[in-house]
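Below: the structure, in C-alpha cells.
Protein chains get the first letters and strands the later ones, always in sequence-line order, with residue 1 at the start of each.
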2 protein chains.
Amino acid sequence: MKIAVDAMGGDYAPREIVKGSLDAAKEYGISVILAGDEERVYYELGGDNAGGLVSVVNAPEVVEMCEQPAAVIRKKKNSSIATVTRLVKEGEAQALVSAGSTGAAMASALLGLGRIKGIDRPAIASLLPAEKGFTVLLDAGANVDCKPHHLVQFGIMGYLYAMKILGVKNPRVGLLSNGEEETKGNETILAAFPLLQKAGINFFGNVEGRDLFRDTVDVLVCDGFVGNVVLKTVEGMATSIFKVIREETTRNRLARMGVVLAGPALKGLQKRIDYAEYGGAPLLGVNGISVISHGSSTGKAIKNAIKVAGQLVENRLVESIRDSIENANIYGAGDRHALGVN
Amino acid sequence: MKIAVDAMGGDYAPREIVKGSLDAAKEYGISVILAGDEERVYYELGGDNAGGLVSVVNAPEVVEMCEQPAAVIRKKKNSSIATVTRLVKEGEAQALVSAGSTGAAMASALLGLGRIKGIDRPAIASLLPAEKGFTVLLDAGANVDCKPHHLVQFGIMGYLYAMKILGVKNPRVGLLSNGEEETKGNETILAAFPLLQKAGINFFGNVEGRDLFRDTVDVLVCDGFVGNVVLKTVEGMATSIFKVIREETTRNRLARMGVVLAGPALKGLQKRIDYAEYGGAPLLGVNGISVISHGSSTGKAIKNAIKVAGQLVENRLVESIRDSIENANIYGAGDRHALGVN
C-alpha cells in the first residue's frame, strides 16, 4: 500500500510532516510518497528513507492560504496538494493525506478524484472521543448550507464509516438537533428526519449536543456549519480547561503536587481530547481516499493520519459507499431499502 | 423590588425553588412572590417567610411537559407560569423566574408581556464562562430558524446586556461562524454580516466556536438552533470531563490523592463551568423581565436566577432595549446610526 503525503501543507511543514511519514513507515510498514519542494524534503529526511519505504516526488509550486482553492488546483498543477491528488487519481498511491488548507484539499479531491455517483456533497467525518469509544461527527465543515437529502447521504456514509473503520455492528445514527423529540429542529432537520427513517440505516432519531460525549449514538449527522462550530467549541473548551488547570496549579504549590500525582488521570483525559491522537478526518463521498489533517498537525498527528488512511484503503470504504449509495433511498421516494449491509 | 417565582417549574420543584427563594430573600433582601400549589409551597416553607419578604400566591393548575406551550398559557390561567407572568404584566412584580418548560416560559412571556416594538424574535441570552469573565451567547434556543435581521436584533440586545449587566464598556459583538474571514458562513450569516456592520454596535466580525472561551468578544450572536447545540455540547463536555476524572481516580490511589490536593484548582474549574452559578438566562426582547432557569435547577441556581432578575430590573434593561431598538438600523437601510449608548 502507498500513501501520498502533502509534505508542504500545515503550520509545521515540511519538518513535522516528514517526521510523521518516517514514523508511520517504520511503525506500520506503510509506503509513503512525500510530495513537496524536493530540496527541503530531502533536507528534513536527512538521508533516512525508512528502509526504502519513503520516496519523494518534486512539487515545487507553493499554495498560499489566501488563494482561492479551486483556482489553485487548476493553475498550480505542481503544487504539493495537486500532486498527491494526481498520484491517487493515477493509481500510484491508494490514499492521500494533507494538513494544508482544508478548502484546497477539498477542491483538489472534488476536481481531481470526483464525487461518487449518488453523492451530491462529500462530507468531512471527524472522530470525537465519547465515554465509550468514539462518535463520528459529519459533516465537520465541508458544506455550510445543506438540504435534507444531503444529511441523508451523510448519515449513510457515517453509518458505513462507523461499521467498517470503528468496527461497530449496525451503528446508531443520530440527527443533531435542539431536542430529542421528533418535533424539534430547524426546517432542514425536520425535513431530514423522515428521510433518515426510510434510508435503510439504523436511525436513532434526534440527539442533542451533550450526546456527543455519551454512548447514545455512534454517528452524529449535522450540516458543515454546525459541525465546524461544534468541533471548534470542543477544541476551544479542551484548550481552555487545561490552561485553567495550569494557571491554578502555578499559583498553588499543593495543587501543583496534586496535579503531578493525578498525572496519569489528567494525561489520559488530555490524550482523549487531543486531536493529534486521531490524526485526520477523511473526506467521504469522493472517488478516492483523502484524509484531511489539522493545520497545526505535529509528527504524531501525521503518523496517525497515515494510519487512518491505511485503514480506509484496507477496509475498502470508498467501494462500500459506492455500492451502498447506488441502492439507497435518499429522497424518501419508494420503499425502505437495504444497504446490503444490515 | 418584587420577583415572581414559578414554584412548580423544574425537576426539583417545589422544594429547591422554595429553598432558593428564601435564600435570595435573606441574602439580597429581595421580595419574592411564590406562585404554585399553596399547600405544597407552605409545606416547603415550613413557617419561614424570610422576615416577611416571601409571600405565596395560589396557582394550583399543573402544566405537563408534553403540553403545547401556547395552549397551556391560554387555557391554564391558574398555572404557576401563567400566574407569575400575570403578576409582572399587572405590575405586582418587576420580574419573573421559572425553571419549568422553556417553551411554556417563552410562550407565556410572548403572549402575556408581548414583544418590544421593533423586536421580531425575543432571544434567550446565556452566560458562558470565558478565560476572562463571560461571553454572552444569544440566541441560546428560542428561535431555531432565523433571518439575517433577527441576528442583528440579537446583536443589539446582547450588546446592551453585556454593557448594562456585565458592566463591559462598549462590548465587542461577534457573529458565530465557521471561520474568521468575512467570506465564511452559511447564507444567513453572510447576509447578517454587513447588516451588523451598520447596526451601530461594536461589531467585531466573524468568530469561531473556540472564541467562546477566549477573550475575543463579549457577545456571540447565533441562531437558536446553533446556540442550543453549542450550549448542550459545552454542558455535556463538562459533565463528561468530571466523570472521566472521577473514574480514573477511583482506579488509582495516587491519582485520587492528587485530585484531593489539586482540589481547589479543580473546584475552581468546576465552579466556572457549573450553570447553577449563573442561575438563569433572560429572555430578551419582551416587555418585561423573564429569567429562564435550567430544568434541573437547585436552590443555588434559583437564588442566583433571582439575583440576575434583580440586576435586570435595577439596570432597566427592558427600557434600554426599547429606547435603542427604536432608532436602530436593523435592515441595512439608511445610514449608520448611534444606539444612543456609544
Can you tell me which of B/Gly227, B/Gly141, B/Gly185 forms the most heavy-atom pairs within a distance under 4.5 Å of chain A?
B/Gly185
Determine whether B/Leu175 and B/Phe203 satisfy the following criterion, side chain to side chain contact (heavy atoms under 4.5 Å, CB included), listing intermediate values before the conclusion.
CA-CA 8 Å; B/Leu175 185 58; B/Phe203 180 53; 3.9 Å; yes
Can you tell which part of B/Asn186 gets under 4.5 Å to a heavy atom of chain A, answering side chain, backbone, both or neither?
both
Does any heavy atom of chain A fall under 4.5 Å from the side chain of B/Val229, the backbone, both, or neither of them?
both
Between A/Leu110 and A/Val286, is there a side-chain heavy-atom distance shorter than 4.5 Å?
yes
Using the side chain to side chain contact (heavy atoms under 4.5 Å, CB included) rule, pick out the option among A/Val221, A/Val173, A/Leu220 that qualifies with A/Val207.
A/Leu220
Interface moiety of B/Leu231 toward chain A, non-hydrogen atoms closer than 4.5 Å:
neither
Applying a strict 4.5 Å limit to non-hydrogen atoms, the region of B/Ser177 in contact with chain A is both
Ranked by heavy-atom pairs below 4.5 Å to chain B, first place among A/Val226, A/Leu176, A/Asp211 goes to A/Leu176
Any donor-acceptor N or O pair under 3.5 Å, side chains A/Gln153, A/Asp120
yes
Which residue out of B/Glu208, B/Glu181, B/Lys184, B/Arg214 racks up the most heavy-atom pairs below 4.5 Å with chain A?
B/Glu208
Structural part of B/Leu212 lying under 4.5 Å from a heavy atom of chain A
side chain
Ion pair check, A/Lys147 and A/Asp223, cut-off under 4.0 Å
no
Is the shortest heavy-atom distance from the side chain of B/Ile124 to the side chain of B/Met106 under 4.5 Å?
yes
